[in-house]
> 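What follows is a structure written as structure tokens; I'll ask about it next.
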Amino acid sequence: MEMLVLFFAGLVAGALNTLAGGGSFVIFPALLFVGVPPIMANATNTFACLPGYGSGAIGFRADILRHKDKLVLYAIIALAAGFLGAEALLRVSDVQFEGLIPWLMAFAVIAFTFGGRLNSWLASRSGSSKRAAKAGSIALVGLLALICFYGGFFNAGLGIILLAYLVLAGFKDLNAMNGLKLLISFLVSITAVIRFTMSGSIEWQAGTIALVGATIGGFAAAKLSYLLPAALLRNFVIIYGFGLTVYFFYVTYFV
């Protein structure tokens with residue numbers, strides 16, 4: 001039964017990631033539901049999402065390579081900050097992390113809900129954003145490090161936050177932004193998974209089942225993407241994520 005729950009959660013998450021995003025909102029609570037402890041569930045969710053980031057980045061490799069001048073810096077920041085985020089996660093107890101889950105979920109849902117509007121707002125001021133990027137490159141590096149630290153600590157919502165960052169950094173080409181988003185997410189996740197592996201914090205069987213489901217779901221969704229409007233799926237993720245956040249607040253503070 002637990003294997004079916006995880007596989008189905010992976011299927012749904014993979015499809016959502018392909019069509020609208022937000023797959024972590026499905027896999028992470030599914031892992032908690034089958035009894036995986038909170039910190040291990042978070043680490044296992046990062047592992048389950050990893051192949052999707054990698055395959056997506058490969059798909060955008062031509063667009064990514066048009067920005068070779070930024071790749072080394074972005075890679076160093078993603079690897080280092082992602083590792084530190086994973087290290088920070090391992091230094092809190094399950095009880096402490098349970099108290100953080102509602103707030104992390106709320107932040108991720110808000111980012112997912114309003115990320116598109118934020119991107120549009122930043123894009124409308126792209127001229128000033130480029131000047132700000134030149135004048136405040138150190139601040140932008142620090143911001144990216146904070147975002148990657150968050151990704152190593154809690155994976156949900158990372159993609160949309162990275163998109164907002166890339167707009168702020170002056171990027172305009174959507175394909176390049178999606179490619180860089182996926183590449184940075186992959187690097188953050190791979191270094192986090194390495195740290196989680198070193199500490200034995202990944203539930204490999206559960207994670208692999210969810211990973212296989214996510215791979216199949218993502219592939220199937222790509223083939224059937226024309227049947228379902230992305231806006232409908234996005235609204236579903238927002239409603240589901242909001243309900244899940246309310247649930248976590250309830251069980252954390254009122255039960």
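Residue numbers run from 1 in the order of the sequence given.
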> Between Leu211 and Val36, is there a shared hydrophobic cluster once you connect ILVMFWY residues whose side-chain heavy atoms come closer than 4.5 Å?
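Leu211 and Val36: separate clusters.
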> How long is the span from the OG1 atom in Thr191 to the CG atom in Leu79, to the nearest 0.5 Å?
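Here the interatomic distance stands at 5.5 Å.
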> Got a sec: does the CH2 of Trp103 have more than 12 other heavy atoms crowding it under 6.0 Å?
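No, not enclosed.
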> Would Val251 and Val26 show up in the same hydrophobic cluster when neighbours are defined by side-chain heavy atoms closer than 4.5 Å?
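Yes.
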> Roughly how far apart are Lys181 NZ and Ile160 CD1, rounded to 0.5 Å?
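Spacing of NZ (Lys181) from CD1 (Ile160) equals 7.0 Å.
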> Find the distance between CG (Leu163) and CG (Leu182) and round it off to the nearest 0.5 Å.
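One gets 8.5 Å once the value is rounded to the nearest 0.5 Å.
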> Apply the test ring-ring contact (aromatic ring centres under 6.0 Å, His included) to residues His67 and Tyr74: give CA-CA distance (whole Å), side-chain angles for both, the deciding distance (0.1 Å), then the verdict.
CA-CA 11 Å; His67 301 279; Tyr74 284 179; 9.0 Å; no
> Using the rule given for side-chain contact (heavy atoms from CB on, under 4.5 Å), can you reason through Leu183 versus Leu187, listing the C-alpha separation, both sets of side-chain angles and the distance that settles it, and then say yes or no?
CA-CA 6 Å; Leu183 176 62; Leu187 293 173; 4.2 Å; yes
> So for atom OH, which belongs to Tyr240, do other residues, nucleotides or ligands contribute more than 12 heavy atoms lying within a distance under 6.0 Å?
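Counting other residues, nucleotides and ligands, OH of Tyr240 exceeds 12 neighbours.
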> Does a sphere of radius 6.0 Å around CZ in Phe8 hold more than 12 heavy atoms from other residues, nucleotides or ligands, not counting ones at 6.0 Å or beyond?
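No, the 6.0 Å shell around CZ holds no more than 12 heavy atoms from other groups.
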> Please identify each residue that fulfils salt bridge (charged side-chain N to carboxylate O under 4.0 Å, His left out) with Asp94, with sequence neighbours left out.
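For Asp94 there are no salt bridge (charged side-chain N to carboxylate O under 4.0 Å, His left out) partners, ignoring immediate neighbours.
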> Kindly give the cluster partners of Leu146, where membership spreads through any ILVMFWY side chain lying under 4.5 Å from a current member.
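Its cluster partners, ordered by chain and number, are none at all.
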> Check the hydrophobic clustering (I, L, V, M, F, W, Y; side-chain heavy atoms under 4.5 Å; chains of links allowed) and say if Leu16 and Phe242 are grouped together.
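Different clusters: Leu16 never reaches Phe242 through Ile, Leu, Val, Met, Phe, Trp or Tyr contacts under 4.5 Å.
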> For residues Leu31 and Glu203, determine if any side-chain heavy atom of one lies less than 4.5 Å from a side-chain heavy atom of the other.
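A side-chain contact is absent here, since even the closest heavy-atom pair is not under 4.5 Å.
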> Going by ring-ring contact (aromatic ring centres under 6.0 Å, His included), name the residues that satisfy it together with Phe25, two or more places apart in sequence or in a different chain.
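ring-ring contact (aromatic ring centres under 6.0 Å, His included) check on Phe25 returns nothing, list empty.
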> With the 4.5 Å side-chain cut-off for hydrophobic clustering, are Ile184 and Ile76 part of the same group?
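In one cluster: no.
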> Answer whether the closest heavy-atom distance between the side chains of Tyr53 and Ile190 falls below 4.5 Å.
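Tyr53 does not reach Ile190 side chain to side chain.
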> Taking the six-membered ring for Trp, are Phe154 and Tyr150 parallel (under 30°), tilted (30 to 60°) or perpendicular (over 60°)?
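Ring orientation, 0 to 90° scale: perpendicular.
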> Taking the side chain as C-beta and beyond, is there a heavy-atom pair between Val12 and Ile27 under 4.5 Å?
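No, side chains not in contact.
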> Can you tell me how the ring of Phe248 sits relative to the ring of Phe28, calling it parallel under 30°, perpendicular over 60° and tilted otherwise?
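Rings of Phe248 and Phe28: tilted, 30 to 60°.
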> Under 4.5 Å between side-chain heavy atoms, hopping through other hydrophobics if needed: is there a path connecting Leu11 to Val212?
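As far as the 4.5 Å side-chain criterion goes, Val212 and Leu11 are connected within one cluster.
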> With rounding to the nearest 0.5 Å, note down the distance linking CG in Leu50 to OG in Ser55.
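It comes to 9.5 Å.
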> I need the Leu89 CG to Phe196 CZ distance, nearest 0.5 Å.
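Answer for the CG-CZ pair, Leu89 versus Phe196, is 5.0 Å.
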